[in-house]
There are 2 protein chains.
Amino acid sequence: MNFQQLRYVREAVRNNLNLTEVAAVLYTSQSGVSKQIKDLEDELGIELFVRSGKRLTGVTRAGDGAVEIVQRILMETENLRRYASQYVGVDSGRLVIAATHTQARYTLPRVVEEFNRVFPKVTLELHQGTPRQVAIMISNGDADIGIASEALNDAPAVRAYTCFSWNHQVVVPAGHPLLGRTPAGLADIAAYPLVTYNEDFTGRKCVDAAFSQAGLAPDLRLTAMDADVIKTYVRRGLGVGIVAEMALEDLDRDGLVVVDTDGPLFGSCTTMLGVRDGTFLPSFAHRFIDMFAPGLGTDQLASRPY
Amino acid sequence: MNFQQLRYVREAVRNNLNLTEVAAVLYTSQSGVSKQIKDLEDELGIELFVRSGKRLTGVTRAGDGAVEIVQRILMETENLRRYASQYVGVDSGRLVIAATHTQARYTLPRVVEEFNRVFPKVTLELHQGTPRQVAIMISNGDADIGIASEALNDAPAVRAYTCFSWNHQVVVPAGHPLLGRTPAGLADIAAYPLVTYNEDFTGRKCVDAAFSQAGLAPDLRLTAMDADVIKTYVRRGLGVGIVAEMALEDLDRDGLVVVDTDGPLFGSCTTMLGVRDGTFLPSFAHRFIDMFAPGLGTDQLASRPY
DNA sequence: TATCCTTACGGAATTCGTAAGCATG
DNA sequence: CATGCTTACGAATTCCGTAAGGATA
């Protein structure tokens with residue numbers, strides 16, 4: 001048994017049991033992958049994969065549990081490397097953040113700037129994706145920390161924490177008729193075509209819930225993944241925009257105005273932070289978390305093994 | 001990084017950092033051990049061991065945490081092997097029980113017999129030792145299940161469960177004067193020289209506590225590790241015996257009699273069962289636990305990852 | 001027919017073990 | 001001076017990758 005074999009198994013599961021792909025991903029030959037996996041099966045005395053002829057078509061029942069253990073072993077070896085790298089160069093290394101556009105564009109810059117000042121020798125890598133992709137990146141260990149406004153615990157082995165709450169705001173181009181009827185209510189807004197986030201993005205669920213509870217069926221003229229796109233179309237008069245309050249900067253430059261409403265119209269949303277269960281995080285990662293959501297790093301996270 | 005290197009590191013810690021011994025234990029050469037450990041240190045970029053000249057004299061601060069992770073990795077690989085062996089031959093394999101003499105001699109035979117009938121293809125290995133040795137065997141992974149009447153959680157990573165309670169009994173040779181004064185109290189017994197267990201064995205703490213609470217300072221003429229030895233000396237008239245109730249079988253043959261007392265004189269003791277935290281136990285091991293302490297295997301243990 | 005796993009086999013890289021060197025207590 | 005780690009170097013083993021073979025959709 002060796003680590004290479006375990007890596008092949010893990011990657012086989014991740015790549016739809018296609019050993020050719022596995023070889024490509026790990027920069028090696030198919031034959032090697034095939035042989036090593038078979039060797040491991042021989043050593044363990046069980047078949048991990050179901051083969052129909054010469055094709056892997058599934059994971060056996062025994063393989064199912066084995067893969068779990070394999071992943072734990074590999075996770076711990078990664079932990080060992082990270083742990084060691086903490087000592088080799090103190091406060092140096094790499095930190096991979098996976099985030100949605102909203103976070104990367106509006107909430108993270110402040111934190112990234114501060115972190116970069118405190119830890120100039122840490123390379124920050126910012127990966128962007130949908131909330132679901134963020135969760136998967138955490139789950140696979142491709143990202144150390146994931147940040148999104150949606151649930152992050154739909155992927156396995158992801159532990160999610162609540163960071164802070166925020167609300168949506170309504171924006172329109174200067175001179176829009178809505179501005180004459182403030183404070184505006186939900187019904188006022190629903191009278192216009194709307195431009196807001198895609199489903200499952202940046203608290204869109206809260207927006208939908210608010211309208212449906214008020215018995216309103218608004219005209220969603222356009223939905224997009226991020227506030228920059230939304231604001232662009234709002235400026236061009238496509239409709240009334242509903243965006244996260246974090247995205248309200250530079251409105252003047254864009255010729256947009258926030259509509260005064262009767263308190264928060266849409267329920268408050270929460271931004272979540274996710275880390276992989278059982279993964280070692282170097283101290284600077286904890287500091288990053290602390291900068292993003294003060295108190296989280298020391299309180300909840302500290303009670304865990306890592 | 002490979003498993004051999006990790007094994008060398010673990011064994012080095014276990015064998016007082018003596019690489020020569022490590023090589024002997026693992027049936028290989030010192031030079032290999034030395035080189036591999038150094039290679040691992042190079043790869044991780046940190047020194048795991050403190051060297052004074054050409055001698056390992058300690059574990060570095062970084063090494064301390066690294067060794068913990070190394071042990072977790074190796075534990076999981078053992079788990080993988082065990083897990084697999086469950087499928088290769090169903091209900092076959094090896095089960096190592098570490099127990100004190102009292103358990104091995106009096107409480108386990110019934111269980112072993114039943115287990116052997118149900119799982120004839122499982123090789124049972126019974127290791128005997130002091131309570132402390134039992135705990136260490138569990139902690140090191142040298143035993144799957146440990147059973148003792150004393151605390152088992154003084155060794156690291158050992159999870160202990162309460163199995164059942166029992167009391168001590170007083171035994172004397174037939175015709176002993178104590179038999180004429182029943183039911184006997186603590187003071188009556190303390191009037192005679194006593195023969196009982198060594199310190200830290202088979203609930204000896206309860207015996208001491210009972211006497212000291214009653215303000216008595218009995219004459220402990222002889223203490224021994226097990227009831228067989230104790231009974232031998234009691235039969236020869238050395239003193240009054242105090243043994244676990246489990247050890248009361250075959251008294252007639254030995255010419256011994258249980259002294260009728262005024263209820264249990266010594267507080268009730270508990271027999272503990274210990275397993276290593278994070279270690280995979282095959283299903284037959286869980287069945288063994290269930291046979292020994294019905295309800296334990298399904299209730300408390302089932303709630304754990306393994 | 002295109003994709004994809006297995007097997008064979010020669011070459012590359014690791015690992016192992018003997019032996020010698022050297023530091024410590 | 002006995003013990004014990006390191007280094008060197010040749011031998012053995014393991015691992016890797018090309019190429020050919022066979023199976024599936």
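Here is how names work: the chains are called A, B, and so on, in the same order as the sequence lines, proteins then strands, and each is numbered from 1. The structure displayed is predicted, hence computed values, not measured ones.
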So, is [X] close to the [N] phosphate, meaning a side-chain N or O under 4.0 Å from OP1 or OP2?
{"X": "Q36(B)", "N": "dC16(C)", "answer": "yes"}
{"X": "R51(A)", "N": "dT6(C)", "answer": "yes"}
{"X": "N2(A)", "N": "dT14(D)", "answer": "no"}

Measure the distance from [atom1] on [X] to [atom2] on [N] and round it to the nearest whole Å.
{"X": "E47(A)", "N": "dC5(C)", "atom1": "CD", "atom2": "P", "answer": "15 Å"}
{"X": "E43(A)", "N": "dT14(D)", "atom1": "CD", "atom2": "P", "answer": "11 Å"}
{"X": "L56(A)", "N": "dT24(D)", "atom1": "CG", "atom2": "P", "answer": "13 Å"}
{"X": "E41(A)", "N": "dC5(C)", "atom1": "CD", "atom2": "C1'", "answer": "12 Å"}
{"X": "D39(A)", "N": "dG17(D)", "atom1": "CG", "atom2": "P", "answer": "15 Å"}
{"X": "Q4(A)", "N": "dA13(C)", "atom1": "CD", "atom2": "C1'", "answer": "13 Å"}
{"X": "K38(B)", "N": "dC5(D)", "atom1": "NZ", "atom2": "P", "answer": "12 Å"}
{"X": "F49(B)", "N": "dG4(D)", "atom1": "CZ", "atom2": "C1'", "answer": "15 Å"}

Walk me through whether R105(B) and D226(B) qualify under salt bridge (charged side-chain N to carboxylate O under 4.0 Å, His left out). CA-CA 9 Å; R105(B) 170 79 174 75; D226(B) 65 75; over 6 Å; no
Tested for side chain to side chain contact (heavy atoms under 4.5 Å, CB included) against I136(B), the lone hit among N140(B), I138(B), V134(B) is N140(B)
Per-nucleotide protein contact along nucleotides 17-25 of chain C, 5' to 3', at a 4.0 Å heavy-atom cut-off (B base, S sugar-phosphate only, - neither), is BBB-BSBBS
Test side chain to side chain contact (heavy atoms under 4.5 Å, CB included) applied to R82(B) and T279(B), step by step | CA-CA 10 Å; R82(B) 285 151 181 264; T279(B) 294; 4.3 Å; yes
Legend entry - Heavy-atom donor-acceptor pair, Q30(A) side chain to A23(A) backbone, under 3.5 Å: no
Indicate yes or no for a side-chain donor-acceptor contact from S139(B) to the backbone of P156(B) under 3.5 Å, with no hydrogens or angles considered.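 Yes.
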> What does I37(B) touch in the nucleic acid at a heavy-atom separation under 4.0 angstrom: a base, only the sugar-phosphate, or nothing?
Replying inline: nothing
**Asked** Parallel, tilted or perpendicular for F119(B) and F284(B), by the 30°/60° rule?
**Response**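 If you compare the ring of F119(B) with that of F284(B), the planes turn out tilted.
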Q.
As an exercise, state the distance from CD1 of I230(B) to CE of M225(B), rounded to the nearest 0.5 Å.
A.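 One finds 10.5 Å between CD1 of I230(B) and CE of M225(B).
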